[in-house]
Number of protein chains: 2
Amino acid sequence: MSTDAATARLAFEVVKTACSNCNLRELCLPIGLPPEELRRLDELVSTRRRLKRGDHLYRAGQAFESIYAVRSGFFKTDVLIEDGRDQVTGFQMTGELLGLDGISSEIHTCNAIALEDSEVCAIPFSHLESLSRQIHTLQHHFHKVMSREIVRDHGVMMLLGTMRAEERLAAFLLNLSQRFKARGYSPAEFNLRMSRDEIGSYLGLKLETVSRAFSRFQEDGLLAVHQRKVRILNTAGLRKLMTHQRG
Amino acid sequence: MSTDAATARLAFEVVKTACSNCNLRELCLPIGLPPEELRRLDELVSTRRRLKRGDHLYRAGQAFESIYAVRSGFFKTDVLIEDGRDQVTGFQMTGELLGLDGISSEIHTCNAIALEDSEVCAIPFSHLESLSRQIHTLQHHFHKVMSREIVRDHGVMMLLGTMRAEERLAAFLLNLSQRFKARGYSPAEFNLRMSRDEIGSYLGLKLETVSRAFSRFQEDGLLAVHQRKVRILNTAGLRKLMTHQRG
DNA sequence: TGCCGCGTTTGATCCACGTCAACCCCGGGC
DNA sequence: GCCCGGGGTTGACGTGGATCAAACGCGGCA
């Protein structure tokens with residue numbers, strides 16, 4: 001990334017947070033809102049917050065007050081139980097929401113950690129609720145977002161419950177690919193922001209198994225991997241591997 | 001809650017569908033609503049629906065219009081993918097909601113099937129949204145319910161991703177036990193409404209493995225099993241097995 | 001430039017669970 | 001009463017992925 005352009009932008013960037021001039025609004029919460037309602041949304045997002053790679057956005061056990069929209073960067077969420085075991089429950093990228101799990105008990109139930117330098121918009125939840133009482137479309141959209149999270153989780157349960165290692169990794173890569181595509185990036189070539197260990201945790205596999213699956217895919221000409229750089233060479237092959245296989 | 005009021009209410013129960021005189025309201029959606037708001041909720045639940053064991057409440061692919069509250073009975077939800085694989089994503093009992101997954105795309109993404117003769121209240125979703133725009137507490141409660149579903153799913157992901165067979169079954173049984181208890185039934189003795197195969201599907205195991213785990217628990221004096229009748233003899237033992245074990 | 005450390009790869013072995021198969025139990029229909 | 005069928009149990013065996021262990025490569029730092 002060009003550093004002087006970046007610094008220049010930063011220098012002039014207005015600190016004021018506003019949805020109405022956010023270039024992510026097609027991905028984020030205000031999706032499809034008419035302009036006048038969009039303007040009312042500006043009062044919603046109170047603050048932005050910058051995080052460096054490795055920083056916690058919130059931790060399990062902390063009081064829940066806001067949900068967060070990823071403006072830039074990449075996150076993981078994980079839960080851990082007493083005996084030391086933990087599991088990555090999701091990876092969040094630009095335009096996706098974090099913190100929905102905290103609503104139920106007013107306490108965050110997982111950790112959210114930046115996998116690269118990132119920026120988020122904090123959305124105080126009580127504000128969101130009161131505004132969504134006034135704006136039907138916002139309310140409905142928010143419900144859809146929560147529901148989509150439930151559907152996504154069902155997909156992961158399916159993956160963990162019925163798929164074998166290579167199918168899981170294929171499904172994971174195709175999902176990432178499609179999300180990068182939706183954000184205007186290449187669906188075929190991208191950098192993984194997470195380690196083999198984190199992928200394994202998310203997929204219910206050990207890091208060695210993930211590594212072996214990557215090697216296998218490379219041997220089979222499905223993709224080219226170099227460290228965290230992935231290029232998908234045969235999407236159809238991955239997709240077939242994901243669904244088919246097994247009697 | 002005044003108990004004689006409760007019994008009197010039961011004795012005179014009218015067949016009319018109404019939240020305000022439903023004895024489940026401490027479990028269901030209107031939890032904690034003040035009386036006057038509870039009365040307004042009555043307009044919400046339009047119809048009841050009876051189902052026999054094996055009936056579908058809804059099917060994946062059908063248009064989504066309502067969510068459902070279980071009034072009596074027992075349900076499972078499952079998803080299936082092209083190649084024939086399927087997975088049970090949850091079991092729902094009295095007072096729990098069904099259909100939240102359909103909000104995101106206006107289409108149900110899973111099947112809901114009665115595991116015994118059951119009765120549900122249908123709650124047209126658009127009504128719920130409009131009423132929750134007027135009643136803050138209803139809105140907030142609904143958000144909590146959705147969030148709780150997400151948290152529950154994370155728990156299942158944890159289970160599927162990190163636990164071994166006997167730990168999964170122990171976690172499952174303890175969860176059922178606690179839910180029966182919350183409904184005023186014995187937490188120690190209950191009838192399973194689902195087959196070994198359905199338990200296995202939910203837990204990401206084969207039915208033989210579930211069966212063996214049951215036998216093992218019985219050998220170890222943790223519980224007494226006869227067919228679908230389960231009696232928990234050593235809750236602490238189950239809990240220890242669930243968390244501990246594995247380095 | 002060379003050293004160090006962490007993330008990754010790869011190989012050898014082990015084991016939990018899946019698979020296949022036989023048998024049992026119980027309930028329902030005739 | 002008998003038969004039949006579906007769910008459940010149990011055993012023998014196979015295997016996918018975990019575990020253990022070694023070596024590699026790259027980036028950071030002196």
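Chain A is the first sequence line, chain B the second, and so forth, proteins listed ahead of strands; every chain is numbered from 1.
Between the A:R49 side chain and the A:L57 main chain, a donor and an acceptor come within less than 3.5 Å of each other. Judged by distance alone, with hydrogens and angles left aside, the side-chain atoms of A:S147 form a donor-acceptor pair with the main-chain N or O of B:S104 at under 3.5 Å. For the pair A:S66 (side chain) and A:Y68 (backbone), a donor-acceptor distance under 3.5 Å is absent. The main-chain N or O of A:F74 is found under 3.5 Å from a side-chain atom of A:S118 such that the two form a donor-acceptor pair.
If you measure from atom CG of A:L115 to atom C1' of C:dG7, you get 15 Å, rounded to the nearest angstrom. Distance, B:F214 CZ to C:dC24 P: 23 Å, rounded to whole Å. What separates CZ of A:R196 from P of D:dA18 is a distance of 16 Å, to the nearest Å. Atom pair B:E219:CD and D:dT9:P shows a separation of 12 Å (rounding to whole Å applied). Rounded to an integer number of Å, the gap from CG of B:L159 to P of C:dC17 is 12 Å. In this structure, A:E166 atom CD and D:dT15 atom C1' are separated by 14 Å, rounded to whole Å. For the pair B:R193 CZ and D:dG7 P, the interatomic distance rounds to 18 Å; values are reported in whole Å. Spacing between atom CG of B:L192 and atom C1' of D:dG7 amounts to 13 Å, rounded to whole angstrom units.
Across all strands, A:R216 comes closer than 4.0 Å to no nucleic acid atom at all (heavy-atom distances). If you check every strand for non-hydrogen atoms under 4.0 Å, B:R168 touches nothing. At the heavy-atom level, A:G204 lies under 4.0 Å from the strands shown only through sugar-phosphate atoms.
Here the side chain of A:L205 is nearest to one of D:dT9, D:dA18, C:dT9, namely D:dA18. Across C:dT8, D:dT10, D:dT19, the shortest atom-to-atom separation from the side chain of A:K206 is found for D:dT19. Nearest to the side chain of B:R228, among C:dT10, D:dG7, C:dT9, sits D:dG7.
No more than 12 heavy atoms of other residues, nucleotides or ligands shown are found within 6.0 angstrom of CZ on A:R231.
The only member of B:R53, B:R50, B:R193 that meets salt bridge (Lys or Arg N to Asp or Glu O under 4.0 Å) when paired with B:E116 is B:R193. With respect to A:L100, the side chain to side chain contact (heavy atoms under 4.5 Å, CB included) criterion is satisfied by exactly one of A:I150, A:T77, A:I67: A:I67.
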Under 3.5 Å between N/O atoms: give me all the protein pairs with nucleotides 20-23 of chain C, atom names plus distance.
residue: C:dC20; atom: N4; partner: B:E208; partner atom: OE2; Å: 3.2

Pairs under 3.5 Å (N/O, protein and nucleotides 24-29 of chain D):
none

For this session: Given side-chain contact (heavy atoms from CB on, under 4.5 Å), test B:R212 with B:E166 step by step and report yes or no.
Result: CA-CA 9 Å; B:R212 275 184 246 271; B:E166 294 185 5; over 6 Å; no
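In this model, the phosphate group of D:dG17 is not approached by any side-chain N or O of A:R164 to a distance below 4.0 Å at OP1 or OP2. Listed pair B:T209 / C:dG18 meets the phosphate criterion, a side-chain N or O lying under 4.0 Å from OP1 or OP2. Proximity of B:S211 to the phosphate of D:dT10: no side-chain N or O atom is located under 4.0 Å from OP1 or OP2.
One end of the helix from C:dT1-D:dA30 to C:dC30-D:dG1 points its axis 30° away from the other end's axis, with each axis taken from 5 pairs and the angle rounded to 10°.
Across all their heavy atoms, B:R183 and B:T94 have their closest contact at NE-O, 2.6 Å.
Between B:H108 and B:Y58, the ring-plane angle classifies as parallel under the 30° and 60° cut-offs.
Taking the six-membered ring wherever Trp is involved, the centroid distance between the rings of B:Y202 and B:F91 falls below 6.0 Å.
Taking the charged nitrogens against the carboxylate oxygens, A:R148 and A:E96 have no contact shorter than 4.0 Å, which rules out a salt bridge.
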